Every structure is written in structure tokens, then in C-alpha cells.
K.L.:
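Take this structure first; my questions come after.
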Amino acid sequence: MKVWVVGGAGYIGSHVCKALRLAGHEAVVFDNLSTGLRENLAPGTEFQFGDILDVSSLRAAAAAHRFDGVIHLAALKAAGESMTAPEKYSRHNITGSLNLLEAVVEAGIPRFVFSSSAAVYGLPDYVPIDERHPTRPENYYGHTKLVIEGFLEWYGRLKGLKHGVLRYFNAAGYDPEGEITGLEQNPANLLPIVMEAAMGWRPKVQVFGDDYETRDGTGLRDYVHVTDLAAAHVLALERLHGGGEDFIVNLGTGEGVTVLELIERARAITGRAIPSEVVARRPGDPAVVLASAGRAAELLGWKARYSDLDTLLETTWKAYQANERKVVGS
Ligand code: WQD
């Protein structure tokens, strides 16, 4: 397949491009490089510089090839920021996605895989969270993802657009082969924050609350390796290409790791001190978020291979160390 990867230079997108290539497909990347990095793409990857808010360049890019499908990963993703700057999230995530949908339909691209999030569920009524769990986002970011899922359903009905929705739980890790090492700037998630502390780039890790009802009192999450996420995008497009029905699936492992467990194991793997301190809970954080991952296994034949805690930490540490060498060598 020839696949249009919108947002393909980003953290998840660059891993998706690699997975497509390894599966024998061709990726053409469209990205505005606001957070994405050209260096994360394999040499020879066709690159279209553009923005989903620029309708004319988007339409031209959509029509530049006969694409078999599109994977949409171009979005802002800081849940906290979405609560203070919702207009920014409306513009980039909602308007941008509508622009993309229009361009895709106009260019006759028949299949659409969408990067969604567990944030659509909000506070869990029960865990593990299956796809039938009510969707009541707690942050505006999650709302934007849910709105786009709704658009996809309608474009499916009205325009025949085949679509698959992937609801990621906590994405983490880096390419196990060490080819993708460009880091996210100003990361807001736990694992990169822990790595920055290990590198000495930040003084310590703040643990947001240790009085939750979990085995050690700290927040428990379902971390899923980005290479496993990437594989699911390939399987999703292949399913649609093979005539499979539209679908929504969770991508998680169903296994939980607490904040303290992650920090402890990071200390062992990096050999660094990683100072930490317990501070107040972060508003809106649930105690436990866990996926029920059965549907992705059933529909896509997907299975997490790299999402155990040690592989998550080791691959991320390797990427951070590659950056230390870059800094030292520059
Ligand atoms: C993980 C755990 C924190 C930072 C977010 C979004 C979600 C999705 C994934 C995009 C929690 C704790 C964190 C820190 C800490 N985003 N923590 N100190 O909140 O589970 O999910 O990212 O799709 O929509 O909400 O991820 O990495 O921020 O936090 O103690 O400095 O680590 O309280 O228990 P979260 P996270």
C-alpha cells in the first residue's frame, strides 16, 4: 500500500513510518514540523511540508499520489494545556481534522486510520476499560478526539469512508533498534520526565500524590510501547484494505505500572539516582487507567511485544543516551 501519514514526523508517526516500511508498504509523510523531526524519518522517505490548517496545500498533497489510505496523527496532545487554551485545540485538532477529511474524500482516498486516545473515556467507571465504556472526556483534548471519532462515523455513513479508530493508552518507549532517537521537546508525560531526571536535565521527578487506592498509593497506568502502537496502525490499514468492517479498538496491555514502580525500575536500568519527591495530586488524574485489549487482538490480531516495563525503559534510555552523545559531540 501507498500510505499518506499525516503527522508522520512526530513521535508516534515516525515509528508508524518505520513499521509500514518493514511491512513492505510505502509511507509519504505530511507534517508541519511543529513538533516532528525530519531526522526521525528514514532516508528516502518522501516528505511533504505542510499544515492541516492550510487547505490548499493539504488538498494538493492529498492528490499528489494515489494513496490507498491515510493515517492521521497530526494533533496537539497536551491534556493540561487543552484546558487553558481550548481554542488552540479546536483549531488544530478539530478544524484541522475536518480539513483533512474533506481533502481525503475529495482525493478519493478510501481508508482512514485515526490516532485517538483513552482520554475519550474520562474517569473510568470500571477497569479494565473496554470499548463499550461510556465516553465522557475530562479534558478538552479528549473532547477533540471524541468529536473527530464522531465525524469519522458520519463520513463513513455519508461518503463511504472506511475507518479505524485506535484509542491509545499511555504511549511510551522508543524504537528498539535505536534508529529513531529524536526526542520530544518539553515532554509532559511521566516516562520522559523520569528520563530527563536520569540525564540530569531536571533536578527531580515530582510524584503526583501517593494516597491513591493502588498497591503503593501512586497512579497506575497502562503503558504501551510506541513500536507496538505502530504495528497496530499497519494492521488497521491492512484490515480495512482486506475488506474488514470499520472499528474502534483500545491499544493497551491490560497490565498496570505505578509511578513509584516505574521510577524504581528506571533507577535500576539507568544506574542513575533519579531524585523524586511526593507532591499533591494533579487535578483530574484517576487512580487507575487500564485497557481491556481483547478487541484489538480479536479484530487486528494485535499483540503487544515490547510493552513490558523493562523494554519500555531500556529503549527510552537508549534514545536519551544517544542525545547525550549528540550534545557532547556537538
Ligand atoms: C502518568 C502517571 C501521573 C508526571 C496523559 C493524558 C492522556 C494521554 C496520555 C495523549 C499519572 C503521574 C506524571 C509527573 C507524576 N495523552 N505523573 N509526575 O495523565 O496518564 O495520560 O497522557 O493521548 O490523555 O492525560 O499520563 O504521563 O502525564 O502520567 O507523578 O511529573 O504519572 O499522575 O499517574 P496520563 P502522564
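Values reported hereafter were calculated over all heavy atoms of this structure, with side chains retained and with hydrogens, waters and symmetry mates removed. Just so you know, ligand 1 is whichever comes first in the structure, and atom 1 is the first atom listed for that ligand. Everything numeric in this text was worked out from a predicted model, so none of it was measured.
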K.L.:
Tell me which part of Asn189 gets within contact of ligand 1: side chain, backbone, both or neither, using heavy atoms under 4.0 Å.
P.N.:
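Asn189 to ligand 1: contacts from backbone and side chain alike.
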
K.L.:
If we count only N and O atoms by modelled type, under 3.5 Å, do the side chains of Thr218 and Asp210 hold a donor and an acceptor together?
P.N.:
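There is no such pair (donor and acceptor under 3.5 Å, judged by atom type) between the side chains of Thr218 and Asp210.
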
K.L.:
Heavy-atom contacts under 4.0 Å between Tyr141 and ligand 1: side chain, backbone, both, or neither?
P.N.:
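For Tyr141, only side-chain atoms sit under 4.0 Å from ligand 1.
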
K.L.:
Does Lys162 come within less than 4.0 Å of Asp246, counting only side-chain N to carboxylate O?
P.N.:
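Looking at Asp246 together with Lys162, the answer is yes, because their closest N to O distance falls below 4.0 Å.
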
K.L.:
With a 4.0 Å cut-off, would you call Arg111 and Glu238 a salt bridge?
P.N.:
no

K.L.:
Check the pair Asp175, Lys18 against salt bridge (charged side-chain N to carboxylate O under 4.0 Å, His left out), reporting the backbone distance first and the verdict last.
P.N.:
CA-CA 9 Å; Asp175 175 26; Lys18 177 166 178 173; 3.0 Å; yes

K.L.:
Measure from the side-chain N and O atoms of Asn93 to the backbone N and O of Thr144, and report whether any donor-acceptor pair falls under 3.5 Å.
P.N.:
no

K.L.:
Could you list the atoms of ligand 1 found under 4.0 angstrom from a heavy atom of Val207?
P.N.:
30 (O)

K.L.:
May I ask you to identify, for Leu190, whether its side chain, its backbone, both or neither come under 4.0 Å of ligand 1 on a heavy-atom basis?
P.N.:
both

K.L.:
Ser117 heavy atoms, cut-off 4.0 Å: which ligand 1 atoms fall inside?
P.N.:
23 (O), 24 (O)

K.L.:
Any chance the rings of Tyr174 and Tyr11 have centres within less than 6.0 Å?
P.N.:
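Ring centres of Tyr11 and Tyr174 closer than 6.0 Å.
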
K.L.:
Checking a contact table here: which protein heavy atom is nearest atom 12 (C) of ligand 1, and how many Å away?
P.N.:
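Its nearest protein heavy-atom neighbour is Val259 CG2, 3.6 Å.
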
K.L.:
What atoms of ligand 1 come within less than 4.0 Å of a heavy atom belonging to Tyr223?
P.N.:
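Under 4.0 Å from Tyr223, ligand 1 has these atoms: 1 (C), 2 (C).
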
K.L.:
Work out whether the distance between some heavy atom of Tyr212 and some atom of ligand 1 is less than 4.0 Å.
P.N.:
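No.
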
K.L.:
Could you go step by step and tell me if Tyr168 and His233 meet the ring pair (Phe, Tyr, Trp, His ring centres under 6.0 Å) rule?
P.N.:
CA-CA 11 Å; Tyr168 318 151; His233 292 74; 5.6 Å; yes

K.L.:
Just to be sure I'm reading this right: ignoring hydrogens, which of Arg221, Lys77, Arg282 gets closest to atom 19 (O) of ligand 1? Compare them by their nearest heavy atoms.
P.N.:
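Nearest option to atom 19 (O) of ligand 1, by heavy atoms: Arg282.
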
K.L.:
Measure the distance from atom 3 (C) of ligand 1 to every protein heavy atom, then report the residue, atom name and distance (to 0.1 Å) of the closest one.
P.N.:
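The closest heavy atom on the protein side is Asp285 OD2, 3.4 Å.
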
K.L.:
Looking only at protein heavy atoms, identify the closest one to atom 14 (C) of ligand 1 and say how far it is in Å.
P.N.:
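Ranking protein heavy atoms by distance from atom 14 (C) of ligand 1, first comes Phe208 CE1, 3.3 Å.
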
K.L.:
Heavy-atom contacts with Ala119 under 4.0 Å: which atoms of ligand 1 show up? List them by number with element.
P.N.:
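In order of numbering, the contacting atoms are 24 (O).
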
K.L.:
Short list, please: which atoms of ligand 1 are under 4.0 Å from a heavy atom of Ala79?
P.N.:
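Near Ala79, the atoms of ligand 1 are 25 (O).
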
K.L.:
Can you check whether Tyr320 and Trp201 have ring centres sitting under 6.0 Å from each other?
P.N.:
yes

K.L.:
Near Asn170, which atoms of ligand 1 are under 4.0 Å from a heavy atom of that residue?
P.N.:
20 (O), 21 (O), 26 (O), 35 (P)

K.L.:
Would you kindly say whether Tyr223 and Asn189 are connected by a side-chain donor-acceptor distance under 3.5 Å?
P.N.:
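Note: Tyr223 and Asn189 side chains miss the donor-acceptor criterion.
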
K.L.:
For the residue pair Leu300 and Phe247, establish whether any side-chain heavy-atom pair is separated by less than 4.5 Å.
P.N.:
yes

K.L.:
Considering only heavy atoms of Ala188, which atoms of ligand 1 have at least one such atom less than 4.0 Å away?
P.N.:
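Answer, ordered by atom number: 28 (O).
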
K.L.:
Please state which part of Gln206 comes within less than 4.0 Å of ligand 1, counting heavy atoms only: side chain, backbone, both or neither.
P.N.:
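Gln206 to ligand 1: backbone contact only, side chain stays beyond 4.0 Å.
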
